[in-house]
Amino acid sequence: MKNYSVLMIDLKNSRSYSIQDRNNLQNSILNSIKILNKVFKNSIKKEVEFSAGDEIQGLFTSPQSAYLYYRLFSIIIFPIEIHSGIGYGTWDIVMDNESSTAQDGTVYHNARKAIDEAKKSLEYSVLFYSSNKNDLIVNSLINSCNLLAFKQSKYQNNLMLLTEILYPIIYDNTILETETLKELLEFIQFEKKENLILDTNFSIEPAQIEKESFYITEGKKRGLSTQFSKLLGVSRQSVEKAIKTGNIYDLRNLTIAILKAMDNTQGESL
């Protein structure tokens, strides 16, 4: 039986927000998931949408697709903190014309277990669960990635999102509508450059992931700091420093490692 992945996301400490702030945040989340649902439409079986309270969920064709969706979503809403769970397993109760919330199966139980454990954990904000021994490695890599990402400044986060739009990471079982990625430019706002309008007349070049290499370098893009300096009207040196201190290349390499590790979810069970 074919396996799928479910992504569940919930806001941390959502009750601490005022009603106005909570409404604004939910509207922003709705806007972002509408775009991301279009970007990932060929890798989604049931669209990501609000399910209960502040939780959103969706059904994906692969764990890599679910993780890449989560990753872009977390970059967009930075520095808002979230709990997330990604489950991998069978989709047993199929309701063709209903949303993700009406579906059921091992994949949903695994995603629920993952997000519930993440909510109880002090160290992990997102967990992946497939009941496989390799989950330990996947979750350690995801956590390392998150720890680095959350140390970024808003400026570094904007550069990260811009990098993901121009040079998206795509794994072999994930199909992205790359042109739709340009719609994510609306979430990029640089301080002191409120009126900056980024030209959308550019080509998107997905990162080419090597299959056989025993180490990862594909997250780095040569000439990126020069390209950004021209685009933003700032010095190349300042952009290069922000890319380095923001660990942008390291985060992209870690992401590729996570996607590769997720390939090994068919081995020995826990």
Side-chain angles (χ1 to χ4, degrees), residues 1-7 36 39-45 60-75 84 86-90 107 110 114 126-149 159-179 181 202-227 240 243-244 246-270:
M1 195 170 188
K2 181 173 169 52
N3 286 326
Y4 297 85
S5 259
V6 164
L7 170 65
L36 289 176
V39 172
F40 286 85
K41 71 176 185 179
N42 294 312
S43 299
I44 291 178
K45 300 300 289 185
F60 293 77
T61 57
S62 70
Q64 286 91 348
S65 304
Y67 178 71
L68 287 172
Y69 189 109
Y70 153 80
R71 179 173 174 271
L72 271 179
F73 178 79
S74 64
I75 294 172
S84 302
I86 300 173
Y88 182 64
T90 54
V107 63
N110 287 351
V126 56
L127 285 168
F128 170 75
Y129 184 64
S130 68
S131 74
N132 181 274
K133 285 191 173 183
N134 200 53
D135 293 351
L136 182 74
I137 296 170
V138 173
N139 285 317
S140 296
L141 289 169
I142 291 175
N143 194 45
S144 297
C145 205
N146 283 358
L147 290 173
L148 283 178
L159 292 180
M160 184 84 192
L161 181 54
L162 193 52
T163 306
E164 299 312 314
I165 294 169
L166 289 167
Y167 305 105
I169 294 171
I170 299 178
Y171 209 61
D172 58 0
N173 54 9
T174 302
I175 305 169
L176 299 188
E177 290 290 316
T178 52
E179 280 299 306
L181 280 168
F202 57 81
S203 59
I204 291 173
E205 301 176 29
Q208 300 298 315
I209 299 176
E210 297 290 334
K211 293 286 187 181
E212 304 302 327
S213 180
F214 64 95
Y215 63 100
I216 297 168
T217 61
E218 298 93 326
K220 185 172 183 177
K221 178 63 182 176
R222 290 186 182 277
L224 187 66
S225 55
T226 301
Q227 184 179 8
E240 194 168 335
I243 289 172
K244 185 176 181 179
N247 297 298
I248 288 175
Y249 293 144
D250 299 306
L251 283 164
R252 284 168 59 84
N253 284 338
L254 268 172
T255 296
I256 294 169
I258 291 163
L259 301 178
K260 286 176 174 284
M262 283 178 165
D263 271 341
N264 300 318
T265 50
Q266 299 289 344
E268 190 176 353
S269 296
L270 291 168

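One-based numbering along the sequence shown.
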Check your understanding: When the ring centroid of Phe128 is compared with that of Tyr67, is the distance short of 6.0 Å?
Key -> no

**Study point:** CA sep, side-chain torsions, deciding dist, call: Lys41, Glu177, side chain to side chain contact (heavy atoms under 4.5 Å, CB included)
**Key:** CA-CA 7 Å; Lys41 71 176 185 179; Glu177 290 290 316; 3.7 Å; yes

Point to revise | Heavy atoms from other residues, nucleotides or ligands near NZ of Lys45 exceed 12 (cutoff 6.0 Å) | key: no

Work out which heavy atom in [X] is nearest to a heavy atom in [Y]; give both atom names and the distance.
| X | Y | value |
| --- | --- | --- |
| Lys260 | Glu210 | NZ-O, 2.7 Å |
| Ile86 | Ala66 | CG2-CB, 4.0 Å |
| Leu251 | Gly246 | CD1-O, 3.7 Å |
| Val107 | Val6 | CG2-N, 3.5 Å |
| Leu176 | Pro168 | CD1-CB, 4.4 Å |
| Arg252 | Ala207 | NH2-CB, 4.0 Å |

Revision key, fill the gap. Separation between CG (Leu159) and CD1 (Ile248), nearest 0.5 Å, reads 5.0 Å

Practice item. Assign the ring pair Tyr69 / Phe40 to parallel, tilted or perpendicular, where the plane angle (0 to 90°) is split at 30° and 60°. Key: tilted

Review point. With sequence neighbours left out, what residues match Tyr167 under side chain to side chain donor-acceptor pair (under 3.5 Å)?
Key: Gln227

Practice item. Tell me, with the steps shown, if Tyr249 and Thr163 meet side chain to side chain contact (heavy atoms under 4.5 Å, CB included). Key: CA-CA 10 Å; Tyr249 293 144; Thr163 306; 5.7 Å; no

Exercise for review: State, yes or no, whether a side-chain contact exists between Ile216 and Ile209 at a heavy-atom distance under 4.5 Å.
Suggested key: no

Review point. For Asn3 and Thr90, what are the C-alpha separation, side-chain angles and deciding distance, and is it a side chain to side chain donor-acceptor pair (under 3.5 Å)?
Key: CA-CA 5 Å; Asn3 286 326; Thr90 54; 5.1 Å; no

Point to revise | side chain to side chain donor-acceptor pair (under 3.5 Å) between Ser5 and Ser62, worked out | key: CA-CA 5 Å; Ser5 259; Ser62 70; over 6 Å; no

